[in-house]
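First listed ligand is number 1; within each ligand, the first listed atom is number 1. Every value quoted in this text rests on a predicted model; they were computed, and no experiment measured them.
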Amino acid sequence: MKEILLRAPATSANVGPGYDIFAMALKEPYDDIHIKLNDTKKVTIEFVGSNQNIPCEINDNTGGLAIMELFRRYNIRQGMHVQIIKNMTSGCGMGTTGATASGCIYGLNKLLEMNLSNDEMIDLARMGEVASGGSPHADNVAAALLGGFTLIKSYKPLKVIKLNMPEFPVVLAVIKKGQRTTRGFITYEIGEEKLKEQIARCSTVIHAIHMNDVHMFGQAIIVDHIAEPVRGSAIPGYKEVKKEVLEHGACGCNISGGGSSIFAVCEKCDTSKIAEIMERGFAKNPLFEKVIITSTSNLGVREL
Ligand code: HSE
């Protein structure tokens, strides 16, 4: 096998209180990735469609960095050309960088018949995230690779649990980040009361998935004391839109990954109303792109 065409889904990380631990795969949007092995001993990356100013250089691209890490760990050299067929807007907290890194590692695992475990692939793919956020967080790449709802059971060594998720409707307001990453502004000193609430909410998220209860799930993700205070205040209109969608049927609403996209989970019948509120609420924000009505999905990276 010399080439492979893959689809890698968008993911929403953190899912409210699960900073760097929780993520869920979305049915749409997604990017496609085509990897073709060659004899050049060089790795080249190309974007099909707009490259959105994402670097193609190996050491600055999430896919490139992940591939280099695989070469380093397993002492491999292999020429290849990687085409990233972009459907997703990057820099919005939808896990597009994680999708690229996961797709590249999944594809190479197949093409080079490496038989890597899921945890090994996630551990390689997360190294690609350094190119975008400066930190090898594993949440987005885990959900992109495995689909469903993923939780990082341990970072050292890296171990991930995948839960199959009911298909919860998700409304996503795609908003670009004003800056590259806001991770550096997050403070972890949240105090005893908020820490306990955070743990309670994380536990409830897991229980709600097992119970197939979108209302319980939504209630649990409404509050996050770690990333939301920093990121929410940097998104014009966030508080107002969140309040309005919750008053009009959303079960839960929070920031998707590193932001600045916003997601709401709801019953299917409420998706259009929530989409309208988001469209209206963010219309004046120059970084607002569009609203997508989608759902959670148990499909991760897959061969087309
Ligand atoms: N957990 C990461 C963060 C996800 O919050 O920065 C980035 O999409």
With sequence neighbours excluded, residues passing salt bridge (Lys or Arg N to Asp or Glu O under 4.0 Å) with K27: E167
For I293 against T271, the heavy-atom pair lying closest together: CG2-CB, 3.8 Å
More than 12 heavy atoms of other groups within 6.0 Å of K176 NZ: yes
Protein residues that have a heavy atom under 4.0 Å from any atom of ligand 1, sorted by chain and number: A13, N14, Y19, D20, H137, D139, N140, R183, R231, G257, G258
Distance-only criterion, 3.5 Å: show the donor-acceptor pairs between side-chain atoms of residues 102-114 and protein atoms not counting sequence neighbours.
unit_1	atom_1	unit_2	atom_2	d
S102	OG	G98	O	2.7
S102	OG	V141	O	3.3
N109	OD1	N115	N	3.1
N109	OD1	L116	N	2.9

Plane angle bin for F217 and F149 - parallel if under 30°, tilted between 30 and 60°, otherwise perpendicular: perpendicular
Indicate every side-chain donor-acceptor pair of residues 184-193 with a distance under 3.5 Å to a residue at least two apart or in another chain.
unit_1	atom_1	unit_2	atom_2	d
T187	OG1	E189	N	3.2
Y188	OH	Y19	OH	3.4
E192	OE2	K196	NZ	2.6

